[in-house]
Amino acid sequence: MRWAIYLDMDAFYLSCEARRRPEIRGRPAVVAHDPAGGKGRGVVLSASYEARKHGFRSAMPVREAWRLGQEVLWIPPDFPYYEATSREVMALLRQRSPAARQFSIDEAALPWDGEDASGAEAEGRAIQDEIRNRLGLPCSVGIGPSILLAKMASDRAKPGGLVVISPGDVAEFVGSLPVRAVPGVGAVTERDLGAVGVRRVGDCLAVPGPALRRAVGPLAGLLRDLARGRWEEEPWPEESEPKSLGAMSTFSEDTSDPEELTRTLRRFLDDLERTLKHQGYAYRTVTLRVRFADFHALQRSRSLPHHTHETRSALGVATTLLREILHPDPAHPKRPVRTVGLTLGDLKPWAGGQKDLSSFARETDGSQAPLPDP
DNA sequence: TCTGGGGTCCTAGGACCC
DNA sequence: TCTGGGGTCCTAGGACCC
C-alpha cells in the first residue's frame, strides 16, 4: 500500500528566527505585525511554545496580545527569509523523493510504498532528524493511508512528535476527535454540524445521511467515511501551478481618499508585474476586493480579452472596479475602506518570462511551446 | 476585543450557444 | 406565444487553509 508521510513545521516563522538568532531559544517570543503601542491592526503570526504558556496564540489580534504583557520578545515578520527557508526544506525533501509535494509555506508530504507502517515510520524519523540536524528546524510528522489522515496525524504529533494512523485504526482515531480537527471543517461548518447534534466525528453515524448532507453539503460524505474508518483512495497529486497572484493591504486608519486608494493599487501592480515577469506568468482576470470598516467585503472582477503580462491595462480596470464598488449609488455617502486587495487571475505560463527553460519544459510537458501574447 | 496577507476551492445564477 | 436540455464562460460571494 501507499502511505503518506506528512510534515508540519513547528512554529515555523519563529523557528526560522531562532535559527539565525539562537538567543531566542527557550524564550517567550512572537512573530507579529507592528503592535503600534497597542493600536496595531495586525495579528500574531507565530508564537513560541513558551509564549503559548502565557496565552499568546497565532492569529490573535496584536492589540489583544499587547495586553498580555510586553516581556515577550516581539519580532517583525521577514517573509522573504521564511520563504527561502521553506525552499531549503523542500529541496531536502525532494532529494528523498521527487514526488514530495508542498502544501503551504510550512507543510509538505511525500509518498512511501510498503505493506507495513514500519518503513514509513523509519523514513519519517529520518526526515525529522535530517531537517533538525541540517537546517536546525523542528517539525512534526504524521503518517497515514491518505494525505488527509497523515495531516490529521501530524496535528496530533505536535510539537516534535511522530504519529502513525494505520488503516485499521482510522475509525478509532477520528471517532472521538472534534469535527473541527478535520481539515476543511471551519467555524461555520462546525456550527452547522452542531445544529444537527454532531460535535465529534463519530457523532456523524447517528445522523441520517440526507440530513447530514443538507446541513453541510458534500463534506457530509467525507465525514461519514472517516467515522466509518474509510477514506478516499486518491492518486498522488501532481505538481501544481499557481492560479492567481495578488496583494492586499490594511490601512493604519480607514480611508475614503480616492488618491490614496489609487496610489495603493498602483503600488500593488508594480510589485505584481515584477513577480509575473520573474515567475513567467501572464494573467487575464483582474479582481478588486474592498473591506469596509464593519468588515463587510465586496469584490468585483473583470476579464481582459487576452492574457498579458503587463499591468498597464489592469490599472485601468482596477480603478473602474474601485469606482463601481465605492459608488454603487452616487447619492450614497462614501464608506471608509479598511482593506483593499488586488488579484490577477486565470494565470498561464508565459514564454517571455525569466523562468529557466528546464523547469518550463517540465511544467508544459515539454510537448509544446506556449505562444507569446498576441 | 478585533479580526493580516497570501492563497484554493465550491456554489449559484445569468448570458450565450447549439 | 411559448419555449427543452445540453454545454461553457463569466461573475459574486463565501468557506477554508496557513
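Chain letters run A, B, ... following the sequence lines, proteins first and then strands; every chain starts at 1.
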Fill in: Minimum heavy-atom distance between A/S313 and A/T308, given as atom pair plus value
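For A/S313 and A/T308, the tightest heavy-atom pair comes out as OG-CG2, 4.2 Å.
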
Nearest to side-chain heavy atoms of [X], which nucleotide of [options]:
{"X": "A/S249", "options": "B/dG5, B/dC2, B/dT8", "value": "B/dG5"}
{"X": "A/L45", "options": "B/dG6, B/dC9, B/dG4", "value": "B/dG4"}
{"X": "A/H33", "options": "B/dC9, B/dT1, B/dG4", "value": "B/dG4"}
{"X": "A/P242", "options": "B/dT1, B/dT8, B/dG4", "value": "B/dT8"}

Could you list the donor-acceptor pairs under 3.5 angstrom formed by side chains in residues 225-236 of chain A, with sequence neighbours left out?
{"from": "A/W236", "atom 1": "NE1", "to": "A/A99", "atom 2": "O", "distance (Å)": "2.7"}

Worksheet entry | A/H296 and A/F292 aromatic ring geometry - parallel, tilted or perpendicular at 30°/60° bounds |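 Parallel.
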
Worksheet item: Counting distance only, does the side-chain N/O of A/Q279 pair as donor-acceptor with the main-chain N or O of A/Y281 below 3.5 Å?
Response: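 Flag not set: sc A/Q279 to bb A/Y281 has no pair under 3.5 Å.
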
Discussion item. By the 4.0 Å heavy-atom rule, please label A/G40 as base, sugar-phosphate, or nothing.
Written reply: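 Result for A/G40 = sugar-phosphate.
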
Item to complete: Would you classify A/A59 as touching base, sugar-phosphate or nothing, given that sugar-phosphate means primed atoms plus P, OP1 and OP2, and contacts are heavy atoms under 4.0 Å?
Response: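 Since no nucleic acid heavy atom lies under 4.0 Å of A/A59, the category is nothing.
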
Item to complete: Measure the distance from CZ on A/R291 to P on B/dC2 and round it to the nearest whole Å.
Response: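 Rounded to whole Å, this separation is 16 Å.
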
Discussion item. Against the six-membered ring of A/F103, is A/R101 placed for a cation-pi contact (under 6.0 Å from the centre, within 45° of the normal)?
Written reply: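 Here A/R101 fails the 6.0 Å and 45° test against A/F103.
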
Worksheet item: Is NZ or CZ of A/R338 both nearer than 6.0 Å to the six-membered ring centre of A/F251 and within 45° of the ring axis?
Response: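 Output no; distance or angle outside limits.
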
Discussion item. Let me spell it out: for each of A/T343 and A/G42, pick the nucleotide of DNA chain B with the closest heavy atom. Which residue's pick is nearer the 5' end?
Written reply: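 On the 5' side of the pair lies A/G42.
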
Worksheet item: Now, which nucleotide makes the Watson-Crick or G-U wobble pair with C/dC16, with each of the two distances under 3.5 Å?
Response: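 Base-paired to B/dG7.
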
Donor-acceptor pairs under 3.5 Å, side chain of residues 164-185 of chain A to any protein atom, not counting sequence neighbours: which ones?
{"from": "A/R180", "atom 1": "NE", "to": "A/V185", "atom 2": "O", "distance (Å)": "3.3"}
{"from": "A/R180", "atom 1": "NH1", "to": "A/E190", "atom 2": "OE1", "distance (Å)": "3.4"}

Practice prompt. Please check the phosphate of B/dG4 (OP1 and OP2 only) for any side-chain N or O of A/T339 closer than 4.0 Å.
Written response: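 Negative; the distance criterion is not met.
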
Discussion item. Counting primed atoms plus P, OP1 and OP2 as sugar-phosphate and everything else as base, spell out the protein contacts along nucleotides 11-18 of chain C at 4.0 Å heavy-atom distance: B, S or - for each nucleotide, 5' to 3'.
Written reply: SSB-SSSS

Item to complete: Sticking with atom C1', work out how far B/dT3 lies from C/dC16, rounded to a whole angstrom.
Response: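 Going atom to atom, C1' in each nucleotide, I get 15 Å.
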
Discussion item. Can you tell me if A/F295 is stacked onto the base of B/dT3, using a 5.5 Å centroid cut-off and an angle below 30°?
Written reply: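 Yes; centroid distance and tilt both under limits.
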
